[in-house]
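In what follows, a single structure is set out as structure tokens and then discussed.
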Amino acid sequence: MRPKLKEFLAEAVHGCVRKGLLPEEELPDWQLEPPKTREHGDYASNLALLLAPRLKKNPREAAQLLLSNLPPRPDLVDRMEIAGPGFINLFVSDALRREALGEMLERRASFGCSARGEGRQVEVEFVSANPTGPLTIGHGRQAVLGDAIARLLEATGHKVTREYYYNDAGRQMKLLAASTRARYLEALGKPSEFPEEGYQGEYIAEIANRIVEQQGDAWAGEDPERFKVFAEEAIFAGIRETLDRLGIIFDVYFNETSLYEDGSVQTIIDTLRSKGCTYEKDGALWFRGTDFDLDKDRVIVKSTGEPTYRLPDMAYHVNKLRRGFDMVVDIFGADHESTYRDVLAGLRALGEDTSRIRVLIHQFVTLLKDGQPVRMGKRTANFVTLDELIEEVGVDAVRFFFLQRRHDAHLDFDLDLAKKESDENPVYYVQYAYARIASVLREAEAGGVAVPSSLDECHAERLVEEDEKALIHLLVEYPELVDRAATAIEPHRVVFYLLDVARSFHGYYNRCRILSDDAETTAARLGLVQAVQSVIASGLSMLGVRAPERM
RNA sequence: GCGCCCAUAGCUCAGAUGGAUAGAGCGUUGCCCUGCGGAGGCAGAGGUCGCAGGUUCGAAUCCUGCUGGGCGCACCA
């Protein structure tokens, strides 16, 4: 609907150019959007405001001139008016609205999806937690965010690879092994030494107990490597289970170790060195970060000869770019702020094109219970895992709540609200709208009322109520919204849009009886609510939230 | 000290590349079911858009400075 109207309005400009009233130059970036209030029409444009200087007129006169250069198109607009400082307001014709409804009924759940991405390959890297413990609430936000982004990109015609990058070597894993071994010996009642910075969590003891069950005291003399392998497997299995529960499936688990094995870490060192981007100091190899917009230089190979994490991270990103992705989306928590800068600086030093990489840093999550923050952190006793959160409020609420905020804003997760099965809970509010429509459709069928399946059976001309027109206009915006959400990589926009749709529907439902006394009106309204239902179903699927037929 | 992010109603937050009278939810006050699911709806009160400048026809939005909060600034990842 909108592109058609925009094209129509652009004719006014062409008309003026033909008459020599306007120089033939590129149009400024003008807009045609739904105004805040319906009194201002179905669409409003700032075209005249922007062209006024070129027309050498005040904006209202410019608007007048533009309108006088438009052919009448009753099939598109009922009327147009000039308002405020010089906006052009359009009032859409019933015919155009009918056409829009027809498209929605035809496309159903695919309405909103597009091929805009043209099959471009996108890699989305997220979670990427090392197997040292269960996923936390923070990982949860990232998991849900990453998956929703992937879904949005898929819906807009991109080919998406969901990727998880992890490291099962190094200091952290040694600590994990030592912690597990200590707990194991403890469980056997043997003398043990718990590592100073070991993992305190309850889960380590549970893993140790499992070893006791399976092996008895047979592992008492074993070296830590054995415990590492066991603990890692157990933890990773747990992580996958958690992700599975959320409905998140990764296409690729990329192991950092492989970057050492195939020599690509060494290649990075050699290349940086040959480009003169490194120097040696205090027995370590330093990267000249300050030459690449960093605030200080960074160590890339420690004096012990071991690389720091930056090096494999750089190698990993080179690997991603080599795999031919058109876009690489990295999702990190706020605490990784500086590391991604290091990596990007490294890539620039290596001569890589970093413009294909989009980095999203999401802020932290605070759990609220009785209005008070719940303390989290692996060392505290009331450490809350993602699993526990899912258990507490359910998958739908977890996903919905995590997506209800912009990624760069802190997120307060209200546990009490998420658990409520009532109107106060936004998840239920949206799902209820869907279920309510399902119920009406069931009721219609039970009563022998024909449910229209296409525009022809709808008697759409019966949709004359303001509520109905407004609802159609809201639905019409859906594909545009999805597109913008995907381009901006901002899934939260879908959430707010769905709340808007649900609100409009509930209001309509209360004011207008869908199964009315008049067969044609009923058909028309059944057509409309089916369109509402498709859009809600589609929107919820972008978020990974269920659309229930009954609640 | 330096860098990134945030600051909008009592609370939690939207606000599309600058547009008309700044919007929701919760909370609060008052209303609405003869029939499709009240897990709903309607109405009211509630704002110096953190502060101060600047840019222009026009700023919550862009620029500069400040204030307050979060997160970083390892030869840990």
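None of these values were measured; they are calculated from a predicted model. Proteins come first, then strands; the chains are lettered A, B, ... in the order of their sequence lines, and each starts at number 1. Any value given below was found using the heavy atoms of this structure, including those in side chains, with hydrogens, waters and symmetry copies removed.
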Of B/rU21, B/rG41, B/rA77, the nucleotide closest to the side chain of A/Tyr429 is B/rG41
Practice problem: Give a yes/no verdict on base stacking between B/rA14 and A/His492: centres under 5.5 Å, planes within less than 30° of parallel. | Solution: no
With the side chain defined as heavy atoms from C-beta on, A/His506 is closest, among B/rA14, B/rG23, B/rG41, to B/rG41
Note: for A/Asp295 and A/Pro307 on RNA chain B, the residue whose nearest nucleotide lies more 5' is A/Asp295
Item to complete: Tell me whether the guanidinium CZ or amine NZ of A/Arg79 lies under 6.0 angstrom from the six-membered ring centre of A/Phe91 and within 45° of its axis.
Response: yes
**Asked** Using the rule for Phe, Tyr, His and the six-membered ring of Trp, do A/Phe87 and B/rA20 stack at under 5.5 Å and under 30°?
**Response** yes
Taking for A/Arg341 and for A/Asp29 the nucleotide of RNA chain B with the nearest heavy atom, the one nearer the 5' end belongs to A/Arg341
Closest of B/rG19, B/rC13, B/rC5 to the A/Arg405 side chain is B/rC13
Ranking B/rA7, B/rC71, B/rG72 by distance to the side chain of A/Arg406, first place goes to B/rA7
Among the nucleotides B/rC6, B/rG35, B/rA77, whichever has the atom closest to the side chain of A/Gln172 is B/rA77
A/Lys302 has its side chain closest, among B/rA77, B/rA16, B/rA14, to B/rA77
For this session: Spell out, as yes or no, whether a donor-acceptor pair under 3.5 Å connects the side chain of A/Gln431 to the backbone of A/Pro548.
Result: no
Is the positively charged end of A/Arg288 above the ring of A/Tyr279, judged by distance under 6.0 angstrom from the centroid and angle within 45° of the axis? no
Checking B/rG38, B/rA20, B/rC73 against the side chain of A/Tyr509 (C-beta onward), the nearest is B/rG38
Between CG of A/Asp293 and C1' of B/rC2 the distance, given in whole Å, is 15 Å
Taking B/rG19, B/rG35, B/rA77 as options, the one with an atom nearest any side-chain atom of A/Leu49 is B/rG19
Closest of B/rC36, B/rU12, B/rA77 to the A/Thr308 side chain is B/rA77
Among B/rU21, B/rA16, B/rU12, the one nearest any side-chain atom of A/Glu33 is B/rA16
Practice task
Identify whether the distance between the nearest side-chain nitrogen and carboxylate oxygen of A/Glu33 and A/Arg2 falls below 4.0 Å.
Solution key: no
